[in-house]
Structures are given as C-alpha cells and as structure tokens.
Number of protein chains: 2
Amino acid sequence: MVKRVSFGHAPCPVARALDVIGDWWSLLIIRDAFDGVRRFSEFEASLGIAKGILASRLRNLTEHGILETAPASDRSAYREYLLTEKGRGLFLVIVALRQWGEDHLYRPGEPRSSLINTETNEPISRLELRTGDGLPLSWAGTRVKKVDAA
Amino acid sequence: MVKRVSFGHAPCPVARALDVIGDWWSLLIIRDAFDGVRRFSEFEASLGIAKGILASRLRNLTEHGILETAPASDRSAYREYLLTEKGRGLFLVIVALRQWGEDHLYRPGEPRSSLINTETNEPISRLELRTGDGLPLSWAGTRVKKVDAA
DNA sequence: ACAATCTGGTTCTATTTTAGAACTAGATCT
DNA sequence: AGATCTAGTTCTAAAATAGAACCAGATTGT
C-alpha cells in the first residue's frame, strides 16, 4: 500500500471535491474562515487542532487555491489566511452540513449556534433544490448520468 | 494523545455533522447509496475501498442511523444497506459538493458525471440560498449567532 | 535597548488509522 | 458434492494524527 487513495482524477465531482476537502479538519477551517478567523493562532485556538496538522491543512488549502495568504490587516509583519473566490464557493456545502446537523444531531433544547440573515436577524431559510419551474426537487427526482464531456 | 479528536458534542452543527460523516469515505459511500448501490460487494467494487475500511464505515453509518440493513431485495439470504430518512437528508450536502467540484475542479472538456432531473433529462439547477422574500443571499449577508437554546 | 513574550511554525515520538493481502464461515451455483 | 461467491475478520506495513518540545523572528513592556 502506497499512500492514501486519491480521487483527484475521478469523473465524479463529488469524489474530486472530497479529495481536496474531505478530511476531518479542512471544512472546519473553512467554516472558521467564513466566520472571520484569519490568523494561524486564531484557527489553532478555535479548533483545538495540533499545530503540525493545522500547518499542513493550511498549506494544502492554499495550494488548492481555497485560501490565500495576505499581509495582516493590523499592519503587523504577520500574514493572514483569507478565503479565495473558490473557497467562498464552499459556502453552500457548509450550509447544507449545518442544516443536516441541526435536523438530526441535537436533542431538543440542546444549545447550538445558528446562522442568521444579517439584515433581518432571522435564521436563514432552508436550502432547497428546485426544478427550472421552481418546483421542489428531491433526490428521487434525479439520477446521475454517467459521464459526458463538458 | 488519545484518540482522534471528537466534535460530537460541539455547539456547532457543522462540527457535529463532520464528526459523523467527515472522513474520506463516508460521503462517497452515501453518494453511492443515493446512486442505487446497496450491497457490500457493490460498494467495494464501486469505490475500490479496502474491505476492512468499508466494513467499519458501514458499521459506523449504521450505528448513526444513516444506513440501515434490510434483507436483500433479490430474496437471497444476504442483506443490503439502505439510506434511512436521516441518510437521505444528506442529499443537499452531496449536491453542494458536486456543484462546487464541477465549478472548480475540472479543466474544460474533461469528462464528468452529472446530475439530471429525471423528468426533463436536463441537468439540475444550481442550489441557492434565499431570504424569506426569495432574494438571493450570499455568505456576506449572514453571520453565525454564537449559541442559543432550541 | 533589552528582556520577556507572542507568533507561526518545524521536529520528534507514540498512537491510531488506513491499505492491502490472506483467510474464513456460510450461501449459492453447477 | 464441489466450486465459487459473499461478506466479512485478521494480520502486517505504511501513513496520518495528536501532542509535546523546540525555535527564529516579531512585538511588547520597562
């Protein structure tokens, strides 16, 4: 056995996505980044992650163009990690995970964080998949078409 | 160091979700299940996963109520693994990952599978987050409210 | 200006997880 | 009945993770 199995060239976009961000920590780092966390030590404190793991994950996410480094906004000599456009594209992945977690992973009354519309201060509405006509579409109304050229 | 860090009691639903399905294989198993894969040997062949890992993942997903076993539909003595309602709730997580992968992980013209509306045979439309008024809502219009009771 | 502390790492070791091969009991096919 | 298939378990080697220790450069306090 060589290294971990790679899905980097799979024809399935889900597999490719998981090849990049499918480990235990990456999506939590990205969640924190959406939440305004920028500096190495902030990620470390927020996540309780070992420094070595954090360094390797930040490196990987940066290499994949999900994070980029920039001079720190407080004009110190340090750098900070920011989401790129590609990284911000993961917002709905985080939202979908959040809504599923809220639905299935809490006992009634257990405290939890929630995602709020800044304008209204109301919890955001549910993600939904819709047809071209705006009708709700569940997994049962879909299928995977094996492979085709883009 | 003891075991892998656990987020099973985190106040953040994203962390709890990743504690259950945040490894390299679980979401691929679930993707296959959405795609109609049911039997141990089918998952094994489809994923190229080691038997031991597959067995432990199926056990974990079953313990968490995402999969359940049922007598095989072909009336053999074997069992099959089916998504529960909780498991089907992960559909939008898969869709979000798929759309992000399609957007950012392929070079032009590279072959890929795609998700089709069974009725129309057209690719499904994009997931979007909307306000109560039906207006598009991006991550910039949201914030995480720390903790509250449900 | 100098010492103390903070930041963002790297390195080291122990433990855990993963990959893959070999093996197995029971079910099914011929 | 014998061969093969199914759904695993067990074994070993390699890789990843956790945590502690260490370190150079930046910053802060005096």
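Lettering of chains follows the sequences in order, A, B, ..., and the numbering in each one begins at 1.
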Using a 4.0 Å heavy-atom cut-off, write out nucleotides 24-30 of chain D from 5' to 3' as B (base contacted by protein), S (sugar-phosphate only) or - (no contact).
-BBS---
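Among pairs with a residue in residues 91-100 of chain B, those fulfilling side chain to side chain donor-acceptor pair (under 3.5 Å) read B/Arg98-B/Ser113, at least two apart in sequence or across chains.
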Output side-chain donor-acceptor pairs under 3.5 Å for residues 48-58 of chain B, partner residues at least two apart or in another chain, one line each.
residue: B/Ser56; atom: OG; partner: B/Ile53; partner atom: O; Å: 3.1
residue: B/Arg57; atom: NE; partner: B/Asp23; partner atom: OD2; Å: 2.6

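A search for ring pair (Phe, Tyr, Trp, His ring centres under 6.0 Å) contacts involving B/Phe7 returns A/Trp25, not counting sequence neighbours.
Heavy-atom distances to DNA chain D give each of B/Ala55 and A/Ala50 a nearest nucleotide, and the one nearer the 5′ end belongs to B/Ala55.
A/Arg38 places no side-chain N or O within donor-acceptor distance of the main-chain N or O of A/Leu82, the cut-off being under 3.5 Å. With hydrogens and angles disregarded, a donor-acceptor distance shorter than 3.5 Å links the side chain of A/Arg16 to the backbone of B/Leu105.
In terms of phosphate contacts, B/Arg59 brings no side-chain nitrogen or oxygen within less than 4.0 Å of OP1 or OP2 of D/dA7. Phosphate contact (OP1/OP2 of D/dT6, side-chain N/O of B/Tyr81, threshold under 4.0 Å): absent.
For DNA chain C, the residues of residues 11-44 of chain A within the heavy-atom distance limit of 4.0 Å (strictly under) are A/Arg39, A/Phe40, A/Ser41, sorted by number.
Between the side chains of A/Glu80 and A/Ser73, at least one donor N or O sits under 3.5 Å from an acceptor N or O.
Rounded to 10 degrees, the angle between the two end axes of the helix from C/dA1-D/dT30 to C/dT30-D/dA1 is 30°, with five pairs used at each end.
The separation between B/Arg79 atom CZ and D/dT6 atom C1' is 12 Å, rounded to whole Å. What separates CD1 of A/Ile53 from P of C/dG9 is a distance of 15 Å, to the nearest Å.
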